[in-house]
There are 2 protein chains.
Amino acid sequence: MITAAVKHTGHRHPRPRSAAIVDDIIAQLSQQGYRDTEPRRLVINAAAAQRRPFTAEELCAALPCVGRATVYRGLRLLVETEQVCRVLLEDRELRYQLSHQGHHHHLLCAACGASADLANCDVDALLQEAAATAGFQMSGHWLEIYGRCADCAVV
Amino acid sequence: MITAAVKHTGHRHPRPRSAAIVDDIIAQLSQQGYRDTEPRRLVINAAAAQRRPFTAEELCAALPCVGRATVYRGLRLLVETEQVCRVLLEDRELRYQLSHQGHHHHLLCAACGASADLANCDVDALLQEAAATAGFQMSGHWLEIYGRCADCAVV
DNA sequence: TATCCAACTGATACGGAGTATCATAATGAT
DNA sequence: ATCATTATGATACTCCGTATCAGTTGGATA
């Protein structure tokens, strides 16, 4: 019998630090009835390796041995299960990044492409209220914030 | 000599109420060096005739005698000159609608497709501040609000 | 550990949305 | 009326994402 700790993952080297993330996501997917497959792991792993919001095509390029459709399907599944969130750039380019828990918005740096999470912000409540004033039942929203991060800020 | 009031616009019937809007927009474009052309007027007129945010393809369909590229170019020009604003639906479909002055956001009804303007809302200030707290210089944002308008509200 | 079905994959084709190209036409300043 | 500039329209093209479908794989079951 092979225990989880000893089980090979296909890597000859020590498991990268992203392996835990992959396992965690795979576990959550399994719980929801989705299978643990090699291509799916590769997609999650590649997504976790990104340091910036990335495009689906970038993932495809990073995973030449995984079919394009599979990459797209994998991303879609991850978005649906809220493991990954979608980010919209100013030019409407769609990018992705791993979710870091709960509802939040993104501060997107136009200079370096970095993304910072904006949590603990009561925009939602404000919008809900403003919408209600107009007799509108708000059910959702899309908000992206553009500018420059601390590192790229113009002095 | 033909005065502006008498000048024919190609209509045999009384000028539709949108004609004033078209003239106004054309005037603003002229001021910026853009020409007053028939296809461009047709695009503006068709845009003004819409009651809901519309897609570029819908305009194309409504203007079979105007080239598709021209419709797209016209819309792009109108967006650049801020005569028309872009609206993003939840499924990322891009729509357009005439601008109604100043910065504002849209309340988009998922049931009937209507759009209401949300003005006099200090979201911007709130975001600016929240972003600054994270050391982020905000330069812009994209915000769309989804839900149900007063008419379509679920009781 | 053998069986089996549902889920998954990958190659491919397809479709929609928007843009580039370029020869021709129209505008409006002179 | 002339003429340089801008605009148009037909078309081809790119890009992004999805549908299709035959073949494969995962993992539940016994």
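Naming: A, B, ... by sequence-line order, numbering from 1 per chain.
- The interatomic distance linking B:Glu38 (CD) with C:dA25 (P) rounds to 18 Å, in whole Å.
- In this structure, a donor-acceptor pair under 3.5 Å is present between the side chains of A:Tyr72 and A:Glu57.
- Set against C:dT19, C:dG18, C:dT9, the side chain of B:Ala56 has C:dG18 as its closest nucleotide.
- Using a 30° and 60° split on the angle between ring planes, A:His141 and A:His105 fall in the tilted class, from 30° to 60°.
- Between the CG atom of A:Asp36 and the C1' atom of D:dT25 there is a distance of 11 Å, given to the nearest Å.
- For A:Glu38 and A:Arg40, the salt-bridge test fails: no basic side-chain N is under 4.0 Å from an acidic carboxylate O.
- Positionally, the nearest nucleotide of DNA chain C for B:Arg73 lies more toward the 5' end than for the other of B:Ser30 and B:Arg73.
- Side-chain atoms of A:Arg35 come within donor-acceptor range of the base of C:dA7, with a qualifying N/O pair under 3.5 Å.
- Proximity of B:Tyr72 to the phosphate of C:dG18: a side-chain N or O atom is located under 4.0 Å from OP1 or OP2.
- The distance from atom CZ of A:Arg68 to atom P of D:dC16 is 9 Å, rounded to the nearest whole Å.
- Of the candidate nucleotides D:dG17, C:dT9, C:dG18, C:dG18 has the atom lying nearest to any side-chain atom of B:Leu94.
- Here C:dC8 presents its P atom at 12 Å from CD of A:Gln32, a figure rounded to the nearest Å.
- The listed nucleotides are C:dG18, D:dG26, D:dT8; the one nearest the side chain of B:Arg40 is D:dT8.
- Using a 4.0 Å heavy-atom cutoff across all strands shown, A:Thr70 reaches at least one base atom of the nucleic acid.
- Note: CZ (A:Arg95) to C1' (D:dG17) measures 16 Å, nearest angstrom.
- To the nearest angstrom, C1' of C:dA29 lies 18 Å from OH of B:Tyr34.
- A:Val71 and A:Leu29 fall within the same hydrophobic cluster, where Ile, Leu, Val, Met, Phe, Trp and Tyr residues are linked whenever their side-chain heavy atoms come under 4.5 Å apart, directly or through other members.
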